[in-house]
Amino acid sequence: MRSLLLVGTVVAFASTAYAAIAQSFVPPAASPESSSANYTGQTNGTISNGPVVQGKSFDRFIQIWIENTDFATAASSPVFQSLSKQGLLLDSFYALTHPSEPNYIAAVGGDFFGSADDDFYHIPQNISSVVDLLEAKNISWASYQENMPYDGFTGFNFTEKDYLTGNGTYTYYVRKHNGLIIFDSVTNVTDRALRVRNFNDFANDVKADVIPQWNFITPNLVNDGHDTTIDFVGDWLNFWLIPLLNETKFNNNRTIILLTFDENETYTINNRIYTLVLGGGVPEKLRGTTDSTFYTHYSALSSVEANWGLQSLGRGDTNATLNNVFEFVANATGWKNNGISGNSSSIPLLNITGTIPGPLNVQFYTPFTAPNTSAVGAGGQGVFAAQGLNTSLTAASLPAPANLTAQGQANPWGVDPGINYANGTKVIESPTASSTAPGGGGGGGKNAAIGARAGAEAALFVGLGIICGVAMVF
Ligand SMILES: *[C@@H]1O[C@H](CO)[C@@H](O)[C@H](O)[C@H]1NC(C)=O
Ligand SMILES: *[C@@H]1O[C@H](CO)[C@@H](O)[C@H](O)[C@H]1NC(C)=O
Ligand SMILES: *[C@@H]1O[C@H](CO)[C@@H](O)[C@H](O)[C@H]1NC(C)=O
Ligand SMILES: *[C@@H]1O[C@H](CO)[C@@H](O)[C@H](O)[C@H]1NC(C)=O
Ligand SMILES: *[C@@H]1O[C@H](CO)[C@@H](O)[C@H](O)[C@H]1NC(C)=O
Ligand SMILES: *[C@@H]1O[C@H](CO)[C@@H](O)[C@H](O)[C@H]1NC(C)=O
Ligand SMILES: *[C@@H]1O[C@H](CO)[C@@H](O)[C@H](O)[C@H]1NC(C)=O
Ligand SMILES: *[C@@H]1O[C@H](CO)[C@@H](O)[C@H](O)[C@H]1NC(C)=O
Ligand SMILES: *[C@@H]1O[C@H](CO)[C@@H](O)[C@H](O)[C@H]1NC(C)=O
Ligand SMILES: *[C@@H]1O[C@H](CO)[C@@H](O)[C@H](O)[C@H]1NC(C)=O
Ligand SMILES: *[C@@H]1O[C@H](CO)[C@@H](O)[C@H](O)[C@H]1NC(C)=O
Ligand SMILES: *[C@@H]1O[C@H](CO)[C@@H](O)[C@H](O)[C@H]1NC(C)=O
């Protein structure tokens with residue numbers, strides 16, 4: 001069995017240092033290809049992938065998400081300026097809503113399901129993600145999460161020794177920035193859960209030349225700018241990404257790298273974010289240029305679907321307003337975009353939060369619905385239907401949203417299903433009801449107090465099952 005390398009004292013409800021304290025960048029490891037005790041979790045060997053499946057435009061897609069930064073601030077950073085000269089700037093790229101977590105969910109699931117906060121959620125197993133689409137075509141994938149303590153970790157966050165100052169502890173990893181771990185269709189399937197890996201695994205996988213074909217990379221809360229500044233992010237990019245751009249085991253002439261932000265910082269204006277496409281797969285003539293086509297986080301799904309001829313999720317990835325495919329990929333695949341670009345008045349407001357109904361919205365609660373099963377996505381294929389999908393419950397047949405808060409109910413999808421992989425093997429612990437705190441902080445397992453609460457919470461869960469009967473679309 002794999003051993004877990006824990007650094008410092010793990011305190012479940014530790015008070016931690018945040019951005020108020022000016023922090024200076026410290027390299028967490030000797031190089032991006034070196035493992036480090038600062039990353040906490042030891043590597044679980046190299047990932048195993050099948051043969052490379054050729055795409056029409058690229059063979060490897062890597063997306064890296066930075067946090068909450070002004071377009072103008074990013075544009076003023078010397079590191080971003082320098083990167084923009086070797087890549088393609090997408091200057092009409094929009095996030096979908098606020099705050100962070102719904103954007104991370106949407107980028108892999110095609111919808112944010114009404115979510116308007118960063119609470120603990122899970123999404124039932126018959127609701128698909130990009131993983132279903134990739135695996136249907138044998139395309140390898142991984143998510144690499146910096147400072148996640150072990151592969152398949154389902155906790156709310158993780159606190160460890162503060163390696164920046166050497167003083168006290170710090171919460172470097174948060175579940176809300178790990179979209180795939182929120183999907184039971186990933187977390188409840190061991191082979192999938194263990195492909196959500198930590199940065200020691202990343203170091204190992206690059207060295208072994210086994211970086212998969214689709215990747216989602218989340219730096220920790222200081223390196224992604226969440227708790228820090230754009231200059232700190234620039235230092236991290238200089239340490240981590242820029243050397244990797246010269247590493248053919250990471251970036252080759254069939255690789256594209258999407259460097260983007262989760263959301264725009266200011267809620268009262270539309271949600272434009274600074275986005276670069278880097279990598280050897282960016283056509284030579286486009287390097288140092290700008291593409292002003294209107295893109296959203298759904299474009300990262302539709303472009304991948306177009307590239308490999310994948311099925312679609314039948315959600316935002318097939319919404320003709322929001323799903324433009326990166327133009328060079330659209331051209332290589334014969335896909336026709338909608339023509340919206342620049343600051344066109346056809347760009348919808350994507351700064352709306354709180355009032356969009358859905359199963360992850362406690363005040364405008366609706367059950368999970370089937371995707372639009374008649375949609376044809378950018379891959380030219382139909383919609384993936386997961387096992388157990390209830391296709392009778394569609395957006396058109398939905399009841400009016402319910403205000404669960406007014407009924408004294410919590411969101412049923414805030415109940416932690418208790419799946420855990422502390423030893424690399426699936427263990428189901430007691431489900432815990434909490435919209436904010438399950439499983440947090442602990443290195444090995446879930447909070448001990450949780451078991452005691454489980455009985456009462458289970459009763460609530462059963463109650464909700466009746467209220468939201470149709471929601472349980474298993
Ligand atoms: C871990 O971080 C410390 C700074 O706190 C740094 O001195 C050390 O070199 C790092 N460890 C590795 C292996 O890079
Ligand atoms: C948000 O988007 C607006 C409109 O595109 C842009 O002017 C601004 O720089 C972006 N960032 C912030 C934080 O406002
Ligand atoms: C660490 O804590 C000590 C004692 O409180 C303090 O003197 C020192 O400045 C701290 N170091 C950093 C880098 O914050
Ligand atoms: C996980 O899968 C098992 C069957 O393998 C099933 O019994 C259980 O309900 C699933 N849990 C969730 C949360 O989907
Ligand atoms: C990457 O390679 C280019 C030449 O291809 C070189 O100019 C640059 O210094 C290299 N960067 C790093 C970080 O090694
Ligand atoms: C891409 O890289 C491969 C392997 O290094 C090489 O054989 C091929 O010629 C390159 N193609 C282009 C278009 O540069
Ligand atoms: C969204 O942005 C628009 C301007 O682009 C602004 O008029 C509107 O008030 C914002 N909405 C919210 C909810 O802040
Ligand atoms: C597509 O997205 C637009 C903009 O957010 C939205 O108004 C429209 O309802 C969506 N279409 C469907 C079919 O969901
Ligand atoms: C895509 O094709 C259109 C139409 O042929 C052309 O105008 C455009 O320049 C092409 N764009 C790219 C990025 O190749
Ligand atoms: C839902 O109910 C809560 C508690 O009664 C109330 O504060 C909130 O405004 C309601 N939300 C909506 C959208 O009506
Ligand atoms: C390591 O990951 C692989 C999947 O990549 C999995 O089969 C194996 O069980 C994992 N081992 C441990 C100890 O986590
Ligand atoms: C981490 O989780 C704990 C509960 O598990 C919570 O109290 C704390 O606020 C969380 N911290 C962060 C930074 O998410």
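Along the sequence shown, the residues carry numbers beginning at 1. In listed order, ligands and their atoms are each counted from 1.
- Remark: minimum distance from atom 5 (O) of ligand 1 to any protein heavy atom is reached at Y163 O, 2.1 Å.
- Between the side chains of S292 and D91, at least one donor-acceptor pair of N or O atoms lies under 3.5 Å.
- In the vicinity of P417, heavy-atom distances shorter than 4.0 Å reach the ligand 4 atoms 13 (C).
- Of all atoms in ligand 1, listed by their number and element, those nearer than 4.0 Å to a heavy atom of A30 are 14 (O).
- Distances below 4.0 Å separate heavy atoms of L322 from the following atoms of ligand 8: 2 (O), 5 (O).
- Aromatic rings from Y121 and F113 are positioned such that their centres are separated by 6.0 Å or more.
- Every atom of ligand 4 with a heavy atom of Q125 under 4.0 Å away is listed here by number and element: 1 (C), 2 (O), 10 (C), 14 (O).
- Protein heavy atom at the shortest distance from atom 11 (N) of ligand 1 is N38 ND2, 3.0 Å.
- Distance check for atom 9 (O) of ligand 1: every protein heavy atom is found at 4.0 Å or beyond.
- Salt bridge E33/K249: absent, no basic N to carboxylate O contact under 4.0 Å.
- Residue A29 holds the heavy atom nearest to atom 14 (O) of ligand 1 of all those in S34, S31, S35, A29.
- Between the choices P27, S36, A37, the shortest heavy-atom distance to atom 12 (C) of ligand 1 belongs to S36.
- One option in N319, I352, T296 has a heavy atom closer to atom 3 (C) of ligand 8 than any other, and that option is N319.
- For the residue pair Y170 and D227, a side-chain donor N or O sits within less than 3.5 Å of a side-chain acceptor on the partner.
- Looking at atom 7 (O) of ligand 1, its nearest protein heavy atom turns out to be V26 CG1, 4.9 Å.
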